[in-house]
4 protein chains.
Amino acid sequence: MARGINKVILVGNLGNDPDTKYTQGGMAITRISLATTSVRKDKDGNQQERTEWHRVVFFGKLGEIAGEYLRKGSSVYVEGSLRYDKYTGQDGVEKYSTDIIADEMQMLGGKGEGGGGGGGGDRPQRSAPAQRQGSGSGPSRPQPATQQAPMDDFADDDIPF
Amino acid sequence: MARGINKVILVGNLGNDPDTKYTQGGMAITRISLATTSVRKDKDGNQQERTEWHRVVFFGKLGEIAGEYLRKGSSVYVEGSLRYDKYTGQDGVEKYSTDIIADEMQMLGGKGEGGGGGGGGDRPQRSAPAQRQGSGSGPSRPQPATQQAPMDDFADDDIPF
Amino acid sequence: MARGINKVILVGNLGNDPDTKYTQGGMAITRISLATTSVRKDKDGNQQERTEWHRVVFFGKLGEIAGEYLRKGSSVYVEGSLRYDKYTGQDGVEKYSTDIIADEMQMLGGKGEGGGGGGGGDRPQRSAPAQRQGSGSGPSRPQPATQQAPMDDFADDDIPF
Amino acid sequence: MARGINKVILVGNLGNDPDTKYTQGGMAITRISLATTSVRKDKDGNQQERTEWHRVVFFGKLGEIAGEYLRKGSSVYVEGSLRYDKYTGQDGVEKYSTDIIADEMQMLGGKGEGGGGGGGGDRPQRSAPAQRQGSGSGPSRPQPATQQAPMDDFADDDIPF
DNA sequence: TTTT
DNA sequence: TTTT
């Protein structure tokens with residue numbers, strides 16, 4: 001049984017096109033970088049902005065939809081949970097990453113929306129991924145994420161807890 | 001104006017007593033480490049548990065209340081927003097931290113509840129902090145948190161965005 | 001595809017024991033009345049309390065768990081969505097009801113917790129409902145709920161949208 | 001102190017232009033009717049849609065912003081709490097209403113967005129309400145809301161709990 | 001890196 | 001009554 005609640009709700013814009021990969025078992029894993037901006041007045045009365053860049057991960061069916069319909073600039077609602085990971089970088093140094101594992105998504109329009117797009121968290125008929133990419137195959141765009149974490153070879157087991 | 005929604009909702013238990021410090025201006029900053037556990041069945045049908053340790057930060061009035069009433073083991077509801085920071089460690093290496101900046105809190109009872117306690121996000125009359133601790137004063141308990149970030153000297157400006 | 005987000009998050013206490021019924025198809029439908037209280041200071045500086053009584057409905061597996069483990073006084077976290085219904089009362093007058101259709105639940109302890117209880121939103125092994133109750137069977141406790149709506153005969157189709 | 005959590009999160013579209021009134025003390029009270037639609041497959045495999053119409057109320061500053069920037073068709077994020085009211089209709093019959101008392105709002109664009117609009121939950125400089133309407137003054141558009149509740153004369157005290 |  |  002679960003103990004506790006771990007819930008994240010985001011509405012923001014993508015800083016880049018989604019990055020979709022597939023596990024050896026064929027499960028889609030799509031990553032996006034999502035901006036939310038807040039404002040406060042500092043003590044001098046000036047407007048101060050601060051943008052957080054959230055690393056959001058979509059698995060499976062949701063990963064396919066996200067990869068197909070979201071684009072740089074898209075506005076999206078995401079619901080999910082926080083996952084903290086620890087890994088050893090190529091430089092041998094321990095690093096930490098924070099991801100939001102999405103379990104619900106809804107497109108909200110906004111600039112960057114692809115051509116025929118539409119989509120949503122519950123889309124009934126959607127096309128299959130255009131093609132399977134083996135891990136490591138294809139040009140892997142640089143990740144703009146705040147916290148870099150490697151994500152190259154997936155087991156099918158690499159799913160959100 | 002804010003652009004986007006950045007909201008976190010947690011219900012979990014404290015891994016340690018809260019850690020309260022005060023800015024030079026007297027503002028309380030309380031940190032807790034909050035556990036949430038989820039379960040899934042792996043492909044062999046075994047129950048697999050995974051615990052996330054969230055770093056939650058309370059500022060000002062909420063920081064005083066959290067520091068006074070929460071204890072190791074306490075169960076608490078927290079609402080806040082995600083903040084990602086980047087800093088240079090003492091070893092000169094760039095590091096990243098993720099905090100949940102709380103803006104609402106509610107005690108839920110459970111083990112670890114202090115003596116007369118009570119408290120809540122809106123508690124009307126509460127006592128002032130017992131004493132000011134200069135930064136760095138006192139034994140700083142080891143944090144069970146996933147991601148270590150230093151937090152020693154605060155300006156009064158060091159408040160959530 | 002869904003259009004929009006309709007989400008409710010509650011933490012509160014049950015005003016009565018749960019009321020579980022079963023559809024002809026054997027699906028459990030459990031209703032609880034959940035209290036949340038807020039406080040504000042009125043203009044005279046007096047504390048003013050106000051309690052909302054939420055009608056929460058659990059279907060299926062969650063309905064069985066809720067009926068088995070929740071009790072009057074139990075503290076519980078509920079996540080769900082709002083559903084507004086319109087029906088004609090026995091007096092021939094049109095009436096309206098508002099329900100929260102739960103899709104997640106988590107017990108938080110507190111007074112009223114049953115004997116061996118435990119439970120949670122994801123409990124793996126739980127016993128089947130002790131017995132089927134035909135609609136109308138058994139003493140139907142008075143509901144403290146704000147808005148009364150009849151709920152006697154269910155089709156198996158009477159499930160949350 | 002508050003006991004419990006009572007939180008609603010909505011993303012939807014307005015079915016009509018907002019309805020703004022002012023209390024005698026000059027506080028804005030804006031009401032909107034917000035649609036969220038969900039879909040499920042019935043047992044015959046057909047897509048079944050269901051739309052909920054939420055009555056959302058904005059008070060004070062937020063009421064002014066909502067009244068000024070939202071329009072029929074606008075897409076909006078709303079966060080608030082549930083409030084159930086009971087009143088006696090003009091026919092002498094007791095009735096019930098459910099409102100979401102908003103405490104955060106964010107425009108999401110979409111059709112129906114007014115002219116120069118913009119706005120958001122935190123908008124720094126915004127114009128004052130065009131004019132004060134005494135209660136009862138002006139043609140009060142019919143409310144499209146699901147549950148009708150009278151709302152004519154406000155005391156300044158008529159604010160969310 | 002987004003967006004308004 | 002909205003929207004996709």
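All chains are named by letter (A, B, ...) in the order of the sequence lines, taking the proteins before the strands, and each is independently numbered beginning at 1. Basis for what follows: all heavy atoms, side chains included, without hydrogens, waters or symmetry-related copies. Since the model is a prediction, treat every value here as computed from it, not as a measurement.
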Side chain of [X] (C-beta onward), nearest among [options]:
X      : options                : value
R3(C)  : dT3(E), dT4(F), dT1(E) : dT4(F)
S33(D) : dT1(F), dT1(E), dT3(F) : dT1(F)
A35(D) : dT1(F), dT2(F), dT2(E) : dT2(F)

What I want to find out is whether R55(D) reaches D19(D) closely enough, with some N-O distance under 4.0 Å, to be called a salt bridge.
no
Under a 4.0 Å threshold between the charged nitrogen and the carboxylate oxygen, would E94(A) count as salt-bridged to K86(A)?
yes
Whole angstrom is fine here: how far is it from [atom1] in [X] over to [atom2] in [N]?
X       : N      : atom1 : atom2 : value
N6(B)   : dT3(E) : CG    : C1'   : 15 Å
L70(D)  : dT3(F) : CG    : P     : 14 Å
L108(D) : dT4(E) : CG    : P     : 12 Å
L34(D)  : dT1(F) : CG    : P     : 16 Å
Y77(D)  : dT3(F) : OH    : P     : 22 Å
L14(A)  : dT3(E) : CG    : C1'   : 11 Å
I32(A)  : dT2(E) : CD1   : C1'   : 11 Å
D17(A)  : dT2(E) : CG    : C1'   : 12 Å

Residues that D44(A) engages under salt bridge (Lys or Arg N to Asp or Glu O under 4.0 Å), provided they are two or more places apart
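D44(A) satisfies salt bridge (Lys or Arg N to Asp or Glu O under 4.0 Å) with no residue once adjacent residues are dropped.
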Please work out if T51(D) contacts a base, only the sugar-phosphate, or nothing of the nucleic acid, heavy-atom cut-off 4.0 Å.
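Base contact.
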Listed by chain and number, what are the side-chain hydrogen bond (donor to acceptor under 3.5 Å, both in side chains) partners of T30(A), not counting sequence neighbours?
T20(A)
With centres under 5.5 Å and planes under 30°, do W53(D) and dT1(F) count as stacked?
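Whether judged by distance or by angle, W53(D) passes, so it stacks on the base of dT1(F).
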